[in-house]
Amino acid sequence: MDKYVCSMCGYIYDPKQGDMDNGIPPGTKFEDFPDDWKCPGCGASKEKFKKMRT
Amino acid sequence: MKPIEIAKDIYDVGVNDWNIRDFHGYSTYQGTSYNAFLIVDEKIALIDTVKKEFSDQLLENIAKIVDPKKIDYVISNHTEMDHSGSLPRVMHKIGEDKPLYCSKMGLKNLSRHFSQKWNYHGIANGEELSLGKRTLTFLETRMLHWPDNMFTYVKEDKILFSSDAFGQHYAGYEKFDDQIGDSIMPHAKKYFANILLLYSPLILKLLEKVTELGLEIDMICPDHGIIWRKDPGKIINAYAKWSSQAPEKKAVVVYDTMWHSTEAMAEAIAQGIVDEGVIARPIHIRSSHRSEIMTEVLDAAAVIVGSPTINNQLFPTVSDFLTYMKGLKPKNKIGAAFGSYGWSGESVKLINQELEAMKFDIIDPGVKIQYIPDQDGINACYELGKKIGKAIKG
């Protein structure tokens with residue numbers, strides 16, 4: 001599964017860790033997030049994220 | 001202001017902005033300062049600059065110590081323009097090709113502020129830069145309070161250049177905590193409440209990390225206000241306390257009023273709270289600045305909000321306050337609403353919706369009274385105050 005990085009603040013979403021503060025359990029693909037999910041770092045919307053090169 | 005040697009060969013070359021009273025919507029009734037620091041070693045480094053209008057003063061201050069052209073490195077701990085605004089003048093003066101160190105987000109953000117193609121060096125977290133006898137260590141502090149923020153630490157002198165963190169909006173000839181004493185703390189508290197409160201969880205993590213790294217700190221140099229040298233632990237402990245958002249036994253009753261009815265309700269509620277032995281502060285929004293109100297909200301256990309209904313809406317200043325408070329994400333608050341109305345009476349419902357969105361514990365549906373509160377109405381407000389006071393006492 002891919003990691004995604006917020007282009008606004010640099011927060012990295014790692015599917016291994018999830019984002020439990022916002023109800024995203026570990027193992028969730030970024031592509032499967034609800035559309036209203038916001039970056040836990042800065043509040044930017046989902047489309048500000050870019051897939052990280054592995 | 002003249003440059004001040006804060007440690008051997010390290011100078012504050014910043015400026016005082018004595019007359020600013022509105023700092024992007026934050027009331028600065030004693031002005032502020034933009035601190036910038038010059039380290040004169042085998043290599044010479046400038047840490048941060050000042051607001052654009054003060055760039056001549058900054059360069060004059062530097063020139064009193066060294067020829068600005070001799071600066072080898074510029075460090076930008078933060079992109080916000082009160083610290084980066086003089087970069088164009090400084091870089092032009094010292095040489096456009098001199099290395100400009102910043103975080104990777106700083107590189108992106110500075111490029112969005114300035115069109116010049118400077119010789120940027122986006123640091124890796126923890127990267128070091130030797131100046132000769134001294135070493136600069138760069139520590140990213142992302143989202144404290146912009147994506148680009150970082151600290152610069154000098155391990156040989158145990159000095160932390162902390163950017164906006166630990167700062168205070170205060171202009172004075174005192175430059176150190178031991179010169180000003182405890183009267184600086186309300187300014188530091190106000191700064192935290194209005195700039196950093198929403199990042200409390202990050203601050204707690206950062207403080208843990210600083211302890212973990214065993215970073216020894218003899219002096220903290222923020223970019224605004226006084227420098228902490230006598231007791232840097234004092235401001236660190238204050239940040240730990242404010243970030244924990246453990247409430248005091250105190251309530252704020254924040255309201256606006258058109259014909260004094262909501263005001264009378266506010267005072268009855270405050271009286272009920274006080275009679276339970278809890279501190280209560282009624283605050284009329286149009287008589288206070290929103291940044292002052294937030295400072296009171298910071299350590300309050302309850303925020304009780306009152307608004308008249310005007311044209312089926314909240315009174316506009318109450319919306320202003322609620323929007324501002326919501327963005328700062330205060331935690332662990334009890335909430336309740338009240339207000340006078342003429343015919344439709346939406347205000348209490350609208351306030352409750354906002355307080356719910358902020359995850360306040362709404363312990364009562366609130367009190368709404370048509371036109372002028374009679375004795376029964378005043379009694380209902382007083383009882384609401386008593387209920388809030390009891391809930392705060394727990």
Side-chain angles (χ1 to χ4, degrees), chain A, chain B residues 76-80 102-113 120-127 138-151 163-165 195-206 209 243 245 323-332 357-359:
Chain A
M1 272 185 279
D2 296 305
K3 288 183 184 173
Y4 278 74
V5 61
C6 175
S7 60
M8 294 291 114
C9 79
Y11 168 86
I12 293 170
Y13 173 71
D14 180 351
K16 278 186 195 152
Q17 294 179 354
D19 169 25
M20 285 310 285
D21 290 345
N22 294 297
I24 306 283
T28 309
K29 280 188 202 166
F30 185 82
E31 296 83 344
D32 295 339
F33 281 14
D35 289 339
D36 60 354
W37 181 82
K38 300 268 190 264
C39 171
C42 71
S45 56
K46 211 181 142 182
E47 66 267 23
K48 303 290 185 194
F49 276 69
K50 288 182 188 136
K51 194 189 282 190
M52 285 178 84
R53 288 195 209 105
T54 44
Chain B
S76 169
N77 277 339
H78 183 24
T79 303
E80 203 168 4
C102 56
S103 67
K104 290 206 170 65
M105 291 309 295
L107 199 161
K108 285 174 83 166
N109 290 353
L110 285 169
S111 308
R112 294 290 305 168
H113 280 72
Y120 288 115
H121 181 90
I123 57 98
N125 191 25
E127 188 173 326
F138 306 114
L139 302 164
E140 283 186 350
T141 54
R142 205 175 275 171
M143 294 316 295
L144 284 177
H145 64 121
W146 276 23
D148 45 74
N149 277 92
M150 67 175 193
F151 288 172
S163 181
D164 276 340
I195 308 286
L196 296 165
L197 177 60
L198 72 161
Y199 303 115
S200 290
L202 284 180
I203 292 168
L204 290 173
K205 275 188 199 156
L206 177 73
K209 201 177 157 196
S243 301
Q245 297 198 55
T323 301
Y324 188 61
M325 178 167 70
K326 189 182 198 173
L328 288 162
K329 296 185 180 168
K331 289 198 173 74
N332 310 327
M358 292 179 226
K359 301 189 172 74

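Numbered from 1 within each chain, the chains take letters A, B, ... in sequence-line order.
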CG/A:Asp35: more than 12 non-hydrogen atoms of other groups inside 6.0 Å: no
Separation between CE of B:Met105 and SG of A:Cys42, rounded to the nearest 0.5 Å: 8.0 Å
Closest heavy-atom pair and its distance - B:Pro147, A:Cys9: CB-CA, 3.6 Å
Residue A:Lys48 excluded, over 12 heavy atoms near NZ under 6.0 Å: no
Under 4.5 Å from any heavy atom of chain A - which part of B:Lys108: side chain
From A:Cys6 atom SG to B:Arg142 atom CZ, the distance as rounded to the nearest 0.5 Å: 9.0 Å
